[in-house]
Amino acid sequence: MARTTARKREKPKAGAAVTAEQCRSWLRQMLVIRHFEEKAGEAYTLGKIGGFLHLYIGQEAVAVGCMAALRDDDYITVSYRDHGHALARGMTPRAVMAELFGKAAGGSGGKGGSMHLFDAERRLLGGHGIVGGHIPIAAGIAFACKYRKTDQVSVCLFGEAAVNIGSFHESLNMASLWKLPAVFVVENNGYGMGTALARASAIMDISHRAYSYAMETEVVDGQDMRAVKDAMDRAVERARRGVGPSLLEARTYRYVGHSMSDAAHGTYRTKEEVEEYRQRDPIGVLHAYMKTEGYITDEEFTALDAEVVAEIDDAIAFADSAPDPDPSALYTDVYAEPA
Amino acid sequence: MARTTARKREKPKAGAAVTAEQCRSWLRQMLVIRHFEEKAGEAYTLGKIGGFLHLYIGQEAVAVGCMAALRDDDYITVSYRDHGHALARGMTPRAVMAELFGKAAGGSGGKGGSMHLFDAERRLLGGHGIVGGHIPIAAGIAFACKYRKTDQVSVCLFGEAAVNIGSFHESLNMASLWKLPAVFVVENNGYGMGTALARASAIMDISHRAYSYAMETEVVDGQDMRAVKDAMDRAVERARRGVGPSLLEARTYRYVGHSMSDAAHGTYRTKEEVEEYRQRDPIGVLHAYMKTEGYITDEEFTALDAEVVAEIDDAIAFADSAPDPDPSALYTDVYAEPA
Amino acid sequence: MQTLTYRDALNQALREEMQRDDRVFLMGEEVAEYDGAYKVSRGLLKEFGPMRVVDTPIAELGFAGVGVGAAMVGLRPVIEMMTFNFALLAIDQIVNSAAKMRYMSGGQVGVPIVFRGPGGAALQLAAQHSQAFESWYAHIPGLKVVMPGTPADAKGLLKSAIRDDDPVVFIEGEMLYNLKGDVPDGDYTIPIGVADIKRAGDDVTLVCHSKTVGVALKAAEQLAEESISAEVIDLRTIRPMDTETVLRSVVKTNRCVVVEEGWPFAGVGAQVVDTVQREAFDHLDAPLLRVTGADVPMPYNKALERAAKADPSQVVAAVKTVLYRE
Amino acid sequence: MQTLTYRDALNQALREEMQRDDRVFLMGEEVAEYDGAYKVSRGLLKEFGPMRVVDTPIAELGFAGVGVGAAMVGLRPVIEMMTFNFALLAIDQIVNSAAKMRYMSGGQVGVPIVFRGPGGAALQLAAQHSQAFESWYAHIPGLKVVMPGTPADAKGLLKSAIRDDDPVVFIEGEMLYNLKGDVPDGDYTIPIGVADIKRAGDDVTLVCHSKTVGVALKAAEQLAEESISAEVIDLRTIRPMDTETVLRSVVKTNRCVVVEEGWPFAGVGAQVVDTVQREAFDHLDAPLLRVTGADVPMPYNKALERAAKADPSQVVAAVKTVLYRE
Ligand SMILES: Cc1ncc(C[n+]2csc(CCOP(=O)(O)OP(=O)(O)O)c2C)c(N)n1
Ligand SMILES: Cc1ncc(C[n+]2csc(CCOP(=O)(O)OP(=O)(O)O)c2C)c(N)n1
Ligand SMILES: [Mg+2]
Ligand SMILES: [Mg+2]
């Protein structure tokens, strides 16, 4: 691949000191995502959820690490693999599960489903199904922040397979040209459906694509939530200061298939590979750190886990018993209601 | 802009020795293009030519230098600014001028016009009006050459403003990923219509975009026809050998407006800038070299120039008196004739 | 009343809306320093500065998406497509993002954006630069499609489009930019979804929009000389379509000819025919006929291009057919 | 005769054409090592190798253009769109390059290419993944549009499409892939541009294509129970459309209902209506009616989605209306 030297990076500040409280909430978020996704997978096999279901199991540290670096008034856009981000951003498991069940109580009233999670209040603006489709949208949100002279930041997360599509190129060029307050996060889980990165991209070092746009870039261990947060802190700060956008590459892995119709390890990867990655589980990594720091005892962990399991069970029960949208909903939200 | 170090280049071989005969024919080609374009501009103002007319004056060395490096069985695709390439590839001034006049004797029977010059026999496959539209097409032609295991090469020429559009990114990635026998030539004349490169691209060194695709790249003086040919020789040879595609950036300049509806130097550039570039005229550069080498006397140059002027006058007369296509042509060539 | 060109009417609409609402901005290729490829944005950069009049790289998909994102958080982008031929590159953002966001989000996120620029053929621009896509956009729920045919309609409708809370595809005519016409003074709007009777008549209804308004009016004049009275209805908005106005006319004339610039298959006219024959079946004394552009890519040659375009003589001939005259 | 699924019929057509003509190759996302997102290309990589069954990056515009370029120099690319929803990103290459090359070049350069993949809705895939664009492609001169509704038609028509010298947009149905049906043995083709009477009848003509063939046939059965005899015409090819077959039927039944999956405005059915009312005006005893998908982005919720889709009960109701029964 191209021999390019990395653009001189700002010296990573030693990870901002984190408290036991923070770690506990991050650990909890990751557990929520993990249990949520496992239950969602079950519900899908039971026919309670339809369409495409893309689980986030294995990548939890990326969503949690990113959200941990953001303010409430920052904006987030993400692909169809969006449950983890929605939960980490604060959407309740009930609201997300109800949307997956297609119920009126769902975040999008049951009209969007798994791929299109929105929470305007929390500034989570989708949940987008077209690969690369939300990258220019995120640039546009950043444009609006600059236009209004606020110091808000627009964060856009997408998979590594999206870096080969035109909208990635056009959007990053404009974002850098106009110094927009955006952070583009590539969740590099190694595969786009059944296609390994090496079979789709002429270079393996995705972060180097940033040099085509004179953009700051960093590669970060996507299984280490705190590392993700630290890198995000730097990128978000650059964006807030008006220095410009950044491209972050988080190296991660999905334990499960691309979607429910895809085997955990199809022909495109081995059982061994999946097992190997499971060894550096994002929850395990943070849990281990917390133990060494004395932030959590085994009893506390067991209790926390049980508490989360109960919350997800409740979300399932809620979603299952929640009513369908009214038939009239078919024709609403196509256009704004005449004022 | 991004501090990236150039990928180690193959040491440019000293320009392959050229003969007086070769230089004379290249000089003649450039004179043909120059006079053709000047006459075409006149014909446009007289209403003999309609639609958009994009002249190539000032960039002659790029087309002539590129074609000089190609075999008859290589393929060429180019943008709407295509007269120079068609003439350098061997299309007669009559055939090109007749097309501009919309006559049946034109290369495309008067149905394509200035922006869509095709000569299947000479493997000139357009003449494309959508910026970036022919870049994947050129990659596809290269794919076909590889598919058939021929050692033909597909050369694609486009303006510098096209490097910011998605198809450029998608095509170069695939071309490099699949090691296709293609050469992508950016004719960097500094402006896309009224937009200077710096206002459209986050980096000024277009050649650096090649690193995103692990692609060989070179920057060449686009006003020096022999330099263009030398760089092309290297790129074409890499493609023929199956080493892979290259991205060439030829730094050049258009003396005239973007199209006939645009002033020679609009608000976007100064008269002085245009004048300055005219000092390194591509015809003058080659002519000067030939004089120092004793390849041409002033008398010979005057005679050659007069001969070319006469040829272009003949092309104008031919095009002017040639018949329009038959009205039935409106409905032919939409689909293949039923065999 | 003032007399303005279609171009200047659009320019006034943009200027007045940008003065009225600082959420409104214009973005596209050459819109700022170049004053617009067709000078529709002349003077706006000078008045509003580079943050509100923004030149873009050649990246239709990208800057269309930038507009969608900005609209999702409350700005009012006007995205200029240098021509709608190039909007094919941006159509994923128009159809998959702009048109669906409100629905996918369960009503949480709307996209108040205008995609505008010239559509259809100009003169001898050949196949890739001479296409009319209004029936494509009108096919899509979530989009509104507006196509003014006069300076007054252009100004009033562009203002309504910019104030609209949903994505509007606003297609102008390159051949119309120099068209002069009376334009009301001051601030006024023309509602989206309301057709306009450009000429009253009793014998036949001519339905048209954008450039074909002129074609239909010319045909109506020629028909008048043969004492055939044609009513000319300018749809002005393609989606939502004002079927009431069309039906009211056809119920009166019992005959209808639909004129459009675009290709015949599943064009806007096909939808007009579908609606009218369904809603006014018993009032029709003849089948509805359509006059459209020739069903071919546009040729460069001047004579061939002229033959490919819908013209008054074809309309006159169609009218005589539905009137069973010769 | 063999009994095959629609999926396997397509797979056979691809395999046989690739065996017959080494200029034919298949390119798209996941077509090779993954055997196709919907397994239509199962086994082809193994048989033909990576140069003829090519996985691509996610770059629809790019690999569609690669196909166009390869076709321009004589190969016979079959470009798989994982679904036609994503083809919106490639539509510039389909419309501005593939459809116009022959014309722009004055007949010098043709583009023998097939763009194929599933179109329309499947189950609960929501707004961005549930769209039917056939009327868009059929609007474009230079393209042919083919949409088989049965395994036998799928195989015979795909072979014709691959052998065709012009660009063919070949739209399959994700919901049809598991449909079983009789398929003739050996090599056969079905000509492009010829409709098929799937069920003969006298009282009303039902025009349909692709997935709605099943809808129309179900409706016809239900109508038969009320001794209403419906003739079901499967267009099979949308462009060029076999209007003769449709007209012959309507002249006999004097009534017509057009059924399609897509949105109503300027859909394929609008063109059928336009043609029939013009060519068979005096034979019509009632207006032509259409049954289409609801004019909304597709909702995710199962019940709402069901309500958004054209179904037999709507067809039955439309038929009773044109028959003036209750
Ligand atoms: C433009 C487009 N093409 C194809 C698809 C089908 N598709 C859905 S997800 C996917 C793979 C994306 O992989 P990646 O970007 O790495 O994200 P991941 O699924 O790994 O999170 C593909 C090809 C799509 N949704 N959009
Ligand atoms: C996709 C697309 N967008 C916009 C245009 C209008 N347009 C034609 S030429 C041009 C500028 C191109 O500049 P460059 O690529 O540098 O080529 P040059 O004209 O300098 O040779 C533009 C914007 C187009 N033809 N295609
Ligand atoms: Mg991935
Ligand atoms: Mg340029």
Side-chain angles (χ1 to χ4, degrees), chain A residues 75 77 99 104 106-113 115-121 123 125-130 132-149 152 154 156 166-175 177-178 180 325 329 332-339, chain C residues 22-23 25 27 50-52 54-77 79 89-90 92-93 95-113 140-144 163-168 192-193 239-240:
Chain A
Y75 293 99
T77 47
E99 187 60 33
S108 301
K111 292 162 90 165
M115 296 194 288
H116 306 303
L117 296 174
F118 286 77
D119 186 336
E121 219 170 277
R123 295 183 166 75
L125 299 185
H128 300 267
I130 307 300
H134 60 297
I135 306 180
I137 287 173
I141 294 168
F143 178 88
C145 297
K146 179 168 185 172
Y147 185 96
R148 290 185 167 129
K149 302 191 177 64
Q152 292 160 287
S154 171
C156 181
S167 60
F168 167 87
H169 177 69
E170 297 184 2
S171 305
L172 268 67
N173 182 57
M174 284 187 281
L177 181 66
W178 296 335
L180 301 181
T332 58
D333 304 323
V334 180
Y335 297 99
E337 300 306 313
Chain C
D22 61 17
R23 299 170 304 170
F25 69 92
M27 174 177 279
M51 201 65 213
R52 295 187 66 192
V54 187
D55 280 327
T56 67
I58 304 176
E60 280 77 6
L61 181 63
F63 67 76
V66 165
V68 171
M72 286 168 71
V73 295
L75 295 188
R76 298 256 157 181
I79 303 298
L89 288 159
D92 172 68
Q93 283 297 333
V95 171
N96 276 326
S97 296
K100 294 178 173 52
M101 205 66 66
R102 187 183 296 279
Y103 201 84
M104 294 193 303
S105 67
Q108 292 183 80
V109 182
V111 183
I113 190 171
I140 307 297
L143 295 180
K144 298 181 180 180
R163 298 179 192 185
D164 198 276
D165 290 330
D166 290 305
V168 177
I192 290 173
R239 183 188 180 101

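Below, read A as the first sequence line, B as the second, and so on, with proteins coming before strands; counting in each chain starts at 1. Computation of the quantities below employed the complete heavy-atom set of this structure, encompassing side-chain atoms and omitting hydrogens, waters and symmetry-equivalent molecules.
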Under 3.5 Å donor-acceptor, [X] side chain and [Y] backbone:
X	Y	result
A/S167	A/G132	yes
A/Q152	A/C145	no
A/E170	A/P136	no
A/S108	A/H116	yes
A/K111	C/G107	no

Give, as side chain, backbone, both or neither, the part of [X] having an atom under 4.5 angstrom from any heavy atom of chain C.
X	answer
A/R123	neither
A/L177	side chain
A/H169	neither
A/Y75	side chain
A/A142	neither
A/I130	side chain
A/T77	neither

Side chain from CB out, backbone as N, CA, C, O: work out which of these in [X] comes under 4.5 Å of a heavy atom of chain A, or both, or neither.
X	value
C/S97	side chain
C/L143	backbone
C/V111	neither
C/Q93	side chain
C/V73	both
C/R23	backbone
C/D22	backbone

Max heavy-atom pair count under 4.5 Å with chain A, selected residue of C/E60, C/K144, C/K100: C/K144
Most chain A-contacting option - heavy-atom pairs closer than 4.5 Å, from C/P77, C/G65, C/A99, C/A64: C/G65
Heavy-atom closest pair, residues A/F118 and C/Q108: O-NE2, 3.0 Å
Carboxylate-amine/guanidinium proximity below 4.0 Å for C/D165 and C/R76: yes
Whether A/H128 and A/H134 hold their rings parallel, tilted or perpendicular, with breakpoints at 30° and 60°: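 The rings of A/H128 and A/H134 lie parallel, inter-plane angle below 30°.
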C/L75 and A/R148, any side-chain heavy atoms less than 4.5 Å apart: yes
Check: C/F25 ring centre within less than 6.0 Å of A/F143 ring centre: yes
